[in-house]
Amino acid sequence: MDDIKIGEILLPGEESEQEAKARKVQRRFWPTLKRAMRQVPFSRDVVAAYYCAMDPTTPMRTRGILLGALAYFVMPFDFIPDVLAMVGFSDDIAVLTAAFAAISGQIKEKHYVRADETLSNEIPDNASQS
């Protein structure tokens, strides 16, 4: 994946685009995370990013970048199929890593606390836990 493509994925977009991405992420995040847990080395950060993106107090730009990365993470079709063991989530990891670099420090402690609570329990099957 090249930097241009990652940059396009991480564009914050308009508020209406963000809402559409938020709905997609809420629907597909937990099932995708369950499949990816063993392959994504920073699942805690991904879950904290989810809570940060869903937090209405998160700045629009940060929310947009996270929603772009999380929407890519939950897409059923991407550059490298997620069903391929060990490499399937590598493009998702690259996009998420770029998003974390772009928003550096915007994920708050409260998002990590929620992530820890969620990960210490069974991960929900759907987005009812937002």
Side-chain angles (χ1 to χ4, degrees):
M1 261 182 83
D2 59 25
D3 290 338
I4 295 169
K5 197 54 128 171
I6 289 176
E8 291 172 11
I9 292 167
L10 297 181
L11 287 173
E14 299 294 322
E15 195 168 349
S16 60
E17 285 179 63
Q18 287 186 15
E19 292 308 315
K21 286 179 183 176
R23 286 189 299 277
K24 181 188 296 183
V25 168
Q26 285 177 324
R27 261 192 333 272
R28 298 180 182 163
F29 180 77
W30 299 111
T32 302
L33 182 69
K34 278 185 170 183
R35 285 193 321 274
M37 283 291 287
R38 283 182 247 141
Q39 296 175 41
V40 176
F42 46 87
S43 296
R44 178 179 185 249
D45 294 309
V46 174
V47 175
Y50 172 83
Y51 286 123
C52 183
M54 297 304 154
D55 183 344
T57 65
T58 297
M60 183 185 243
R61 179 181 179 279
T62 299
R63 188 170 190 262
I65 289 170
L66 289 175
L67 286 171
L70 293 169
Y72 185 82
F73 175 67
V74 303
M75 281 179 25
F77 303 106
D78 52 23
F79 294 112
I80 303 171
D82 294 337
V83 295
L84 295 176
M86 302 307 288
V87 295
F89 285 99
S90 62
D91 58 326
D92 302 271
I93 291 169
V95 169
L96 289 164
T97 300
F100 294 151
I103 60 131
S104 125
Q106 294 295 310
I107 300 175
K108 305 293 183 212
E109 183 61 29
K110 66 182 180 179
H111 303 127
Y112 281 105
V113 168
R114 286 215 47 209
D116 291 340
E117 290 169 356
T118 300
L119 292 171
S120 68
N121 299 315
E122 185 173 329
I123 295 174
D125 289 326
N126 58 37
S128 63
Q129 186 164 27
S130 53

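- Separating the CG atom in Leu33 from the CZ atom in Arg28 is a distance of 15.5 Å, to the nearest 0.5 Å.
- Cluster membership check: Ile103 does not share its hydrophobic cluster with Met60, using side-chain heavy-atom separations under 4.5 Å among Ile, Leu, Val, Met, Phe, Trp and Tyr.
- A centroid separation of 6.0 Å or more is found between the aromatic rings of Tyr51 and Tyr112.
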For this session: Begin from the C-alpha positions of Trp30 and Val74 and carry the test side-chain contact (heavy atoms from CB on, under 4.5 Å) through to its verdict.
Result: CA-CA 9 Å; Trp30 299 111; Val74 303; over 6 Å; no
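- Salt-bridge annotation for Asp55 and Lys110: present, with a side-chain N of the basic residue lying under 4.0 Å from a carboxylate O of the acidic one.
- Nearest heavy-atom pair, Lys21 versus Gly68, reported as atom, atom and distance to 0.1 Å: NZ-CA, 3.8 Å.
- Closest approach of Ala48 and Ala115 over heavy atoms only: N-CB, 3.6 Å.
- The minimum heavy-atom distance linking Asp92 with Phe73 is given by the pair OD1-CA, 3.3 Å.
- Shortest non-hydrogen contact noted between Arg44 and Leu119 is CA-CD1, 3.6 Å.
- Side-chain contact check for Val25 versus Tyr72: every heavy-atom pair is 4.5 Å or farther apart.
- For the pair Tyr50/Arg114, no side-chain contact is recorded, criterion being any heavy-atom separation below 4.5 Å from C-beta on.
- Judged by distance alone, the side chain of Ser120 and the main-chain N or O of Asp116 form a donor-acceptor pair under 3.5 Å.
- The CG atom of Leu70 lies 6.0 Å from the CG atom of Leu96; values are rounded to the nearest 0.5 Å.
- The minimum heavy-atom distance linking Cys52 with Thr58 is given by the pair O-OG1, 2.6 Å.
- In the hydrophobic cluster analysis, where Ile, Leu, Val, Met, Phe, Trp and Tyr join through side-chain heavy atoms closer than 4.5 angstrom, Val113 is grouped apart from Val47.
- Counting only heavy atoms from C-beta outward, the side chains of Gln106 and Pro59 approach each other to under 4.5 Å.
- Between Glu19 and Arg63 there is a salt bridge, with a side-chain nitrogen of the basic residue lying less than 4.0 Å from a carboxylate oxygen of the acidic one.
- Under the 4.5 Å side-chain criterion, counting only non-hydrogen atoms from C-beta, Phe29 is in contact with Val46.
- Gln18 contributes no side-chain N or O that, together with a main-chain N or O of Leu67, makes up a donor-acceptor pair within less than 3.5 Å.
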